[in-house]
Amino acid sequence: MPDDMARPLIRGRGDKGGSRCLEASASDPDALVVGVVGTGDFSRSLARRLVASGYQVVVGSRNPKRFMALFPEEVEVTSQMEAASQADLVFIAVFPEHHSTLAELKPALAGKTLVDVSNGLRINLDGPSNAELLADMFPESAVVKGFNTISAWTLQVGPRDGSRQVFLCSNCSRAKSAVMQLCRQMGFVPVDKGLLASSLEMENLPLYLFPSWRLPVLCTLALFFLFYLYNFIHEVLHPFVKSGKSVFYKMPVEVVNVTLPSVALVMLSLVYLPGLLAAGLQLRLGTKYKRFPDWLDRWLTRRKQLGLCSFLCAALHAIYSLSLPMRKSARYKLANVVFKQVKEGVQDSWVDEEVWRMELYLSAGIVALGLLSLLAITSLPSVADTVNWREFSFIQSTLGYCALAMATVHTLIFGWNRAFDPAQYHFYLPPTFALVLILPLVVLLGRLVLLLPCLSGQLRRIRRGWEKTRHIRFTLPEDGCHNGLEDISHV
Amino acid sequence: MPDDMARPLIRGRGDKGGSRCLEASASDPDALVVGVVGTGDFSRSLARRLVASGYQVVVGSRNPKRFMALFPEEVEVTSQMEAASQADLVFIAVFPEHHSTLAELKPALAGKTLVDVSNGLRINLDGPSNAELLADMFPESAVVKGFNTISAWTLQVGPRDGSRQVFLCSNCSRAKSAVMQLCRQMGFVPVDKGLLASSLEMENLPLYLFPSWRLPVLCTLALFFLFYLYNFIHEVLHPFVKSGKSVFYKMPVEVVNVTLPSVALVMLSLVYLPGLLAAGLQLRLGTKYKRFPDWLDRWLTRRKQLGLCSFLCAALHAIYSLSLPMRKSARYKLANVVFKQVKEGVQDSWVDEEVWRMELYLSAGIVALGLLSLLAITSLPSVADTVNWREFSFIQSTLGYCALAMATVHTLIFGWNRAFDPAQYHFYLPPTFALVLILPLVVLLGRLVLLLPCLSGQLRRIRRGWEKTRHIRFTLPEDGCHNGLEDISHV
Amino acid sequence: MPDDMARPLIRGRGDKGGSRCLEASASDPDALVVGVVGTGDFSRSLARRLVASGYQVVVGSRNPKRFMALFPEEVEVTSQMEAASQADLVFIAVFPEHHSTLAELKPALAGKTLVDVSNGLRINLDGPSNAELLADMFPESAVVKGFNTISAWTLQVGPRDGSRQVFLCSNCSRAKSAVMQLCRQMGFVPVDKGLLASSLEMENLPLYLFPSWRLPVLCTLALFFLFYLYNFIHEVLHPFVKSGKSVFYKMPVEVVNVTLPSVALVMLSLVYLPGLLAAGLQLRLGTKYKRFPDWLDRWLTRRKQLGLCSFLCAALHAIYSLSLPMRKSARYKLANVVFKQVKEGVQDSWVDEEVWRMELYLSAGIVALGLLSLLAITSLPSVADTVNWREFSFIQSTLGYCALAMATVHTLIFGWNRAFDPAQYHFYLPPTFALVLILPLVVLLGRLVLLLPCLSGQLRRIRRGWEKTRHIRFTLPEDGCHNGLEDISHV
């Protein structure tokens, strides 16, 4: 790698741009020539951005004449060999399956920094990565992996709206730091990912499809189907079997609308359960230095997704509920009820208990939804970034438990005394709300137990570094600041 | 420009702040004096931020005594000439129409870097820009355009919540890189916009009023008025003319609520139509290296805005629909219907077909709205930044087509068999839903055609760089990594 | 402080990572050893991130053997004294109450940079800060305060999603700039907060609980309780006292749903009132260079929060309203009304005025809610960052006043002529909507007055720097660019 690499990567452009600082650019020793091998979309966007950032760019192509027109005029389009020879730092922007065609460039690239921007076609868990293969091919060059998570589009419009982070890794810190400098010059924020061994993970990054959402979404779907089946049997099949009454019209809306809140409430409990388990484990082990079992660790990191799935179900439940009276079936039913009332001459059909039950569970439901909405808004990345740790914990823990409590109250009032009414036990199955209430009640109870002074004090001590097995005082000062120490009890 | 400019821009402040590193600051050679000419809001916020970032600041004013009190005490407020002489780098923060009053400073500013932070009063498309005029006025200084998109407020509170990007351009790369360094020191992210010729565009930036939204919003409004007129004739005028029945009360809510979903569905089709056209064009030309016609290019870049307009209409449609049964008119109608039912002695008015139709189209509508909400949330900048290209494409293309399909199903079930009912053809005009369905059905069909193995394979090849006219293999390796290559098929 | 500190902080890792750039790393003079004293969560995350960013890390512990297993293997865990001696820059990551135990390290730390990452347990307004106490303890070291707002979690996963800003302050600019460099290398964006005196504020930052929301939320709650009480007396107590009619069932839903829109409309007026007051004050004083009274300044900076509180109430009002017809009470009432209609033989109960009133106020309400939603979405940080000042002002001022006007129209039509109906004056109290309308009407009238050409022209002149007391022309050029000058008239 030539010595030039270590110098700041700023190239004089005064020669083109005007007369005002000719003397400065004339004496500018930092001219760095950046090469790009390949002429695809990515190459072209890259070349354009490099030019806009003040670099001299030379593009290497197998067919320079054909592709020249696709590049800005400041870019020199030439043969691959010529580009490799001229440039101090070379971007390799050809499909990885054609890396082998670059073998002839080996002498020209010796001692230079190569930036591999390629991605795989499918997730590769075993390695080696494209970048490692390239490094094996060019043992005398310093290979840096990077820019593969940046799209051609982001390169072209500049890193304004999109993500600005460029991940980089390399076994050569000098080459890496040169590429980092170049990144910053282009307006991106370089993030060092360590040695080239990280390149495999980096190449997989653009191929992942919501890995952190898989489990929560599967969990939501599984619960949905289970509860749907249960409610179908309970609400539709039972009257059909018992009295031949066909209420199959309930399947698209009413059964869904009993299923959604069940899923929402169980999922919301699942958000707060792992925090309780973790606290219990810490209390039992008397230390926070033992690692949690893997399943608990994974569960703890998925709480945000679980919470958002719960919110989605709750919001859909609200829309379904609000649309109930608009349906033809509701209007027919109401008309028939009134018809009956008229026929029977009942002047006032008012049932005070029913009225109060509905007004109360409606209120509790709206409040719970409002609180959940606040939680959802606060989990938007840009909002989460503006709150400090204490505020985040207040929203996610305090408001979150309030939302869980209100949702539980909503369900309890909805149920009223019907859990004890044998008529509700179709096929000996309890009504859904009775089943659904178990988990949230357990979680709320667990939380109350942890608020007991003896337990909460102990827990606070443990989370500040205290350990049951050695009551020696000097372990305390070892602990760092308290940021994130209590992370465990929150989403 | 003095040599000092090239050194890191860090000034010792130890002389004020304490005794701990006096030796370091005493030997610090990097003290850079930053001048600010002008005493307006922007100047004051700028001076405050510069002081907080560790610079020595001198402000030049025509009336130093009067304005001294408005600046922090670390700032020296003096005459414009004095400030220009002392400073190494000078911010010009006077209104551009008064740049001419600075002519007398020319000798003092020679060889220095001037930063022009001014904005125009109205959009200037012809040039020259303020910065170019300033550069003509001070040929011996290096003019850098920048900071004009940053508000005085952002400067004052620091770049915490607001945008951190500072656009910079200049013909002198050395001056530009010095200002970039200063930017970073102030906590901003400098973005190089190239030569001073870009300054015209940069000065216009703060004056634009949603340029990318103009067409989509106009399109939405035009469709809204067209469909409103059509529905007004169909639903209100027809009964009035034919049977003298006055249903003008439908105008504020019911007619709007038939118009909104029509607009939403047509707009959603317009989101996916250009992608199909682009794919068709690529298949026909057999290459991706031909540019699309301009109108298609512009259409492709406006898909996000079209989609969000569609979502807005869909959300309003949902709210209007949900509020239907709450209206007095609905209650009066229901009461009258029941009255009639009682008078006629009809015990059960239940119509199974009507019930099923409504339950089904309601379900489809809610699911479509849910999917559209996910699309809308994902298009928030901070959320879009956290997904990779594959995830983005999954949401915007796969989920988007699902939403379009569900919305089409919603409309189809809503229509049921009424498209074939002559009674629905008022004034020989077909019911609205029949008209609205044409475009989405065409788009969905087009998408299905493109999924045929022969076409999709061909398309994939073309998008990886293959060309019909030359089946030579060596064009393939020219292509870059696949990021964004398939951009065309997505929002 | 050794001279090494001034060099770029890049350490060769080639010795571990492979053979490709051994020569470079062998000659690399920039190896910087970073020490971390303490072994808590924060220390471990910090050490991990430092290693990933290419630094050689040595951790000082009182019990190295015990904690070795908790650190990555590249980290050397040794005694505190040993770590302090080896490192060039030392992070102090022990609880501040145990800083005193570090006294013995004084000679080893002399001349070095100490980074204090600690936080307090409670808000400390009087000082001294932890960092200042540390600086007093180690007068021969350069203390930098920083990283305390970053959580252990953010350090561990890297600054990808979370906030990237690291606040730093120090009395030694050289030490500060070294830590800034280290920050950037770790992927964070350092923000210089000036001298060590700022450390008190920085240590309080993670302890604040929504300081800017306190007043707006209190204001919302106070208004809510006042209006609730008023409505309770007006709607529930009055019929009970006057005619013994018990309508207490209205308390959870109906009374809340009259209260919420009142709060929303008054709060929305409070968003636009301070801008009018500020404009009036400027017009009266004839200058913008006089500071506003403190209460007005605070009010102006809380407009966003007031607006969001107003939006929350409006959204809840919408949900409550939409859920009205679903309630049992609404159905019983409707049934009773129809029963009465049938008994009295009224074939058509249609009242055209009532129908029109409702259709119109419903429409106005939905439009107002739609506009408020746009305002709320635009106030999300990531959306606000993508609009320029003119767009922001268009949304927050123009659309905002439209929303206020539509909400006022909504309330006016809702009221219709009932403000003049003595039957509405229960206990001589006017109906709520009449009270609520006062403030928005005043604000809208004030805005119209300010649109008068004579006043708006004068105001524009004043905001460009003109002053009544001296009509001298040369004050104009003193003014900076117009960014943010008109800030005052907007949210």
Side-chain angles (χ1 to χ4, degrees), chain A residues 1 135 139 142-143 161 165 171-175 177 189 191-196 289 318 321-322 324-325 334 337-338 341-342 347-350 354-356 358-360 362-363 366 370 380-383 385-386 388-391 394 465 474-485 487, chain C residues 10-14 17-18 20-21 24-25 38-43 52-54 61-62 93-95 98 101 117-119 148 151-153 158 160-163 187 205-210 249 252-253 316 319-320 322-323 325-329 331-332 335-336 338-339 342 380-382 386:
Chain A
M1 202 169 52
V143 171
D161 295 350
Q165 290 202 306
N171 288 339
C172 173
S173 66
R174 213 168 246 269
S177 97
V189 176
V191 177
D192 189 334
K193 284 293 191 182
L195 296 177
L196 203 61
Y289 294 109
S321 301
L322 292 174
L324 291 180
L334 187 60
V337 163
V338 178
Q341 185 180 341
V342 171
Q347 196 182 335
D348 190 352
S349 55
W350 194 269
E354 280 296 288
V355 167
W356 272 99
M358 181 127 197
E359 308 273 329
L360 287 175
L362 189 62
S363 293
I366 293 177
L380 284 174
S382 66
V383 179
D385 285 0
T386 62
N388 66 31
W389 182 84
R390 194 178 160 214
E391 292 165 344
F394 172 77
F474 71 71
T475 60
L476 267 165
E478 303 273 7
D479 222 327
C481 72
H482 76 278
N483 290 329
L485 295 191
D487 264 350
Chain C
I10 300 149
R11 197 178 59 83
R13 293 187 53 174
R20 277 164 221 118
C21 71
S25 63
T39 53
D41 291 340
F42 193 82
S43 312
S53 308
S61 166
R62 295 229 172 187
V94 303
F95 280 119
H98 301 291
T101 64
V117 301
S118 68
N119 278 316
N148 64 314
S151 72
W153 178 249
R160 192 181 181 190
D161 295 349
S163 178
L205 271 182
L207 298 171
Y208 286 135
L209 192 57
F210 297 110
Y249 78 91
V253 176
L316 284 174
I319 295 181
Y320 271 102
L322 292 174
S323 66
M326 148 207 335
R327 295 168 313 142
K328 284 265 196 281
S329 55
R331 279 183 268 173
Y332 291 143
N336 293 346
V338 178
F339 181 87
V342 170
L380 285 174
S382 66
T386 63

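By convention in this document, chain letters (A, B, ...) are assigned in the order of the sequence lines, proteins followed by strands, and residues within each chain are numbered from 1. None of the values given here were measured: they were computed from a predicted structure.
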Heavy-atom pair count under 4.5 Å with chain C, highest-scoring of Leu324(A), Leu380(A), Val355(A), Ile366(A): Ile366(A)
Give, as side chain, backbone, both or neither, the part of Val253(C) having an atom under 4.5 angstrom from any heavy atom of chain A. both
Atom pair NZ/OH of Lys328(C) and Tyr249(C) - distance to nearest 0.5 Å: 14.5 Å
To the nearest 0.5 angstrom, please state how far the CZ atom of Arg390(A) sits from the CG atom of Leu205(C). 13.0 Å
Residue Leu322(A) versus chain C: region with a heavy atom under 4.5 Å: both
Any donor-acceptor pair under 3.5 Å linking the side chain of Glu391(A) with the backbone of Asn388(A)? yes
Using atom types as modelled and distance alone, determine if a side-chain donor or acceptor of Asn148(C) lies under 3.5 Å from a backbone N or O of Asn119(C). no
Looking at chain C, which one of Val342(A), Leu360(A), Leu334(A), Val337(A) has the largest number of heavy-atom pairs inside 4.5 Å, strictly under? Val342(A)
Toward chain C, the part of Trp350(A) with a non-hydrogen atom under 4.5 Å: both
Does the Ser61(C) side chain pair with the main chain of Thr39(C), one donor and one acceptor, at a distance under 3.5 Å? no
